[in-house]
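Note on naming: letters A, B, ... go to the chains in the order of the sequence lines (proteins, then strands), and numbering restarts at 1 for each one.
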Amino acid sequence: MQLDFLGDLKRTLRCGELRATDAGKTVTLMGWVNRRRDFGNLIFLDLRDRAGIAQIVFDKESNAGIHERASELRNEFVVAVTGTVKLRDAANVNKNMPTGEVEVIATELRLLNESRVPPFLPGDQAVTASEETRLKHRYLDLRRSEMQFNIELRHRVALAIRDYLNSQGFYEIETPYMTRSTPEGARDYLVPSRVHPGEFYALPQSPQIFKQILMISGFDRYFQIVRCFRDEDLRADRQPEFTQIDLEMSFPTEDTVFAVVEGFLGAAFKTAGYEIEKQFPRMSYDEAIRLYGIDKPDMRLPAMTDVREAFPLDVLQTLAADAELPVVAIRIPGVGELSRKERDEHKTLLSEKQSKAIKFFDDFKRLEKSWPDTVAKIKQLTGAAEGDLLVVVAAPQRTEIGDARKSRRQSEEVYKTAGQLRLALAQRYAARHKAFEGKQFKFLWVTDFPMFEWDEQDGRWNAAHHPFTSPHEQDMAKLGGGVAAARDINSALGDMRSRAYDVVLNGTELGSGSIRIHRQDVQSQIFEAIGMDLEEQKNRFGFFLEALQYGTPPHGGIALGLDRIVMILAGAPSLREVIPFPKTAAATDLMADAPTPVSETQLKELGIVVKK
RNA sequence: GGGGUCGUAGUUCAGUUGGUUAGAACGCUGCCCUGUCACGGCAGAGGCCGCGGGUUCGAGUCCCGUCGACCCCGCCA
């Protein structure tokens, strides 16, 4: 088919911008053929661009040549149309479209490009293609109005955040993408060095050390909307490369950091059309575990209640539950009457291991027959109303007796298992309680995380947040057990609380940060507590330990996942819906077909020998 | 690393206890229609049932392996 050149033709406005006020004007529209409808001597052409769809009319009687040409147009062809904007007759107005009051009577048509028949039509109302097909032809998928909206939303959110942080005196400063591997936490993506065969850069998991060094350098308010890389297995809400809103401040307290985050989240949500609380509620880690059984509570549903006091000792004994461990009631409001079959399915919500660790009771009609007072008391303690689902979780018996730390660990297990059951039940009955519907945003700060957590695999304590997190002042004395304490599950390290905090939205961890260590001696002790002797410290973090010795100001910060924020604002089920070119669950790019093998020449240059 | 769901026309799917020539819808091609906008009517093309092996007289269907997509656990300081 004969193609036309654009020549000096100028687009006057976007198709989707056409309005009744343009009536009488001559306009030039450019876009993709969304759909052609022939009707005898008339051709209706829906022309689409990022702003929307306009209807072009080709009339054979008034212009046979252009009508003939228009009949050759196919879906996704790129055209430029010049014509006169005309108000539609009342009968032909389409109220479902912003441009539905007008149409363009075409006087000139230029075909700028053809298109192969696409595997799916970007103009279709709903997604008709599988995700695999969409990802393979991502350029077509991104033409869909939903994706255009998501990407625009992402742009606006990032812009609002930049504006806000700029107004608060933050500089956006870039940090290297090719840096040093400091294998702690996630696996690194490595980049081989040609100049230094056998040596590697690492892509940053976060700009953590660089932003701390920027504080040492006197840039007291830094931020960066920055790509980070982690070579770990994917999930719906985890991509190997993702974008963080990363910030750091000198001389802050927790309050200072919280206020900045509350400020920019307010601006970001406002640009999407939502007002959120000026200040988010706060809760310590211990409280979160006790009330929700998880460190990222979903506040859209009520907390759990310890109902131990409702059970007289003899009842507990009959139920073979342990009085020293928590008895936790889960309440999901407005679920209504459950069938026997539905209640039977509750067992399947927990793993085998979890089921063994707890007992749960959800048949209150039966419990009520034997122990009416207990059930009445539980209802009172939980504030249960008619139609609320109540489940009581108890531990059968203590496995580790005597030691306060051991018993605390087991209590925590009960809370956590109950918390998982709570979430699983909430998910299971989401259609009935409706608490997850609509745009309801429940933010929360979780504070005072444990400094260390026990690493079962390595048999040592590990930094719960990261090893640059400051412990609480009053817990400093618990340090100093040296490398021996690092290997002892019962050492005082397990009691230490840190100045780490998470910002949580509807049960999703949006971001995580801390007040950092600014003293070299403390930093070194923390490294030691996670089993790193001086030699290893010097090898891996020598440059940083040295920098800390040159007048490091107290500092702290946070990093939030931009992708997750946009995902929640868009109401999307996965990060892939808000990332233009995402990876599949197997970390591949279906469109570009990455990763790929590389040539032997390339490998040779890098000094890499691959055994076949 | 482990568990689960899925893979059939360009696309999204159906396909009964294994049994003639593998279907539908949308899309695609051609013709018809002067007011469509999820247009309508008529006609048509389009398939190595992901790939490899096995069981069987016979496999889209059963078994084993493999590749790919998705979800979850582990992992993600």
Whole-Å distance between B:G40 P and A:Leu42 CG?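 Going from CG in A:Leu42 over to P in B:G40 covers 17 Å.
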
Whole-Å distance separating the CG atom of A:Asn96 from the P atom of B:U36: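 Going from CG in A:Asn96 over to P in B:U36 covers 14 Å.
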
Check whether the side chain of [X] and the base of [N] form a donor-acceptor pair under 3.5 Å.
X	N	result
A:Glu232	B:G74	no
A:Arg116	B:C28	no
A:Arg37	B:C39	no
A:Asp233	B:G74	yes

Counting any heavy atom closer than 4.0 Å, what does [X] reach on the DNA or RNA strands: base, sugar-phosphate only, or nothing?
X	answer
A:Pro467	base
A:Ala91	nothing
A:Leu590	sugar-phosphate
A:Glu103	base
A:Asn75	sugar-phosphate
A:Arg88	base
A:Glu131	sugar-phosphate
A:Arg235	base

5'-most contact on RNA chain B: A:Asp124 or A:Val57, nearest heavy atom basis?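 It is A:Asp124 whose nearest nucleotide is closer to the 5' end.
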
Residue whose nearest RNA chain B nucleotide is more 5′ - A:Glu453 or A:Asp59: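 Of the two residues, A:Asp59 wins.
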
Compute the centroid of each ring, for A:Phe468 and then for A:Phe541, and state whether the two points are separated by less than 6.0 Å.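 Between A:Phe468 and A:Phe541, the centre distance is under 6.0 Å.
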
Distance check: side-chain N/O of [X] vs OP1/OP2 of [N], anything under 4.0 Å?
X	N	result
A:Arg230	B:C75	no
A:Arg36	B:C37	no
A:Thr588	B:A69	yes
A:Ser130	B:U12	yes
A:Thr584	B:A69	yes
A:Arg134	B:U12	no

Who pairs with [N] - Watson-Crick or G-U, where each distance is under 3.5 Å:
N	value
B:C49	none
B:U16	none
B:A22	none
B:C39	none
B:C6	B:G68

Look at A:Arg576 together with A:Glu131 and state whether they make a salt bridge at an N to O cut-off of under 4.0 Å.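 Result for this pair is yes, salt bridge flagged.
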
Is A:Lys296 paired with A:Glu509 through a side-chain N to carboxylate O contact shorter than 4.0 Å?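 Looking at A:Glu509 and A:Lys296, the cut-off is not met.
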
Residue pair A:Asp141 / A:Met147: nearest heavy atoms and the distance that separates them: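 Shortest heavy-atom separation between A:Asp141 and A:Met147 comes out as O-CG, 3.4 Å.
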
So which of A:Arg144, A:Arg36, A:Arg35, A:Arg48 actually passes salt bridge (Lys or Arg N to Asp or Glu O under 4.0 Å) with A:Glu76?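 That would be A:Arg48; it is the only one of A:Arg144, A:Arg36, A:Arg35, A:Arg48 passing the salt bridge (Lys or Arg N to Asp or Glu O under 4.0 Å) with A:Glu76.
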
May A:Phe44 be described as stacking on the base of B:U36, applying a 5.5 Å centroid limit and a 30° limit on plane angle?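 A:Phe44 ring centre within cut-off of B:U36 base, planes near parallel; stacks.
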
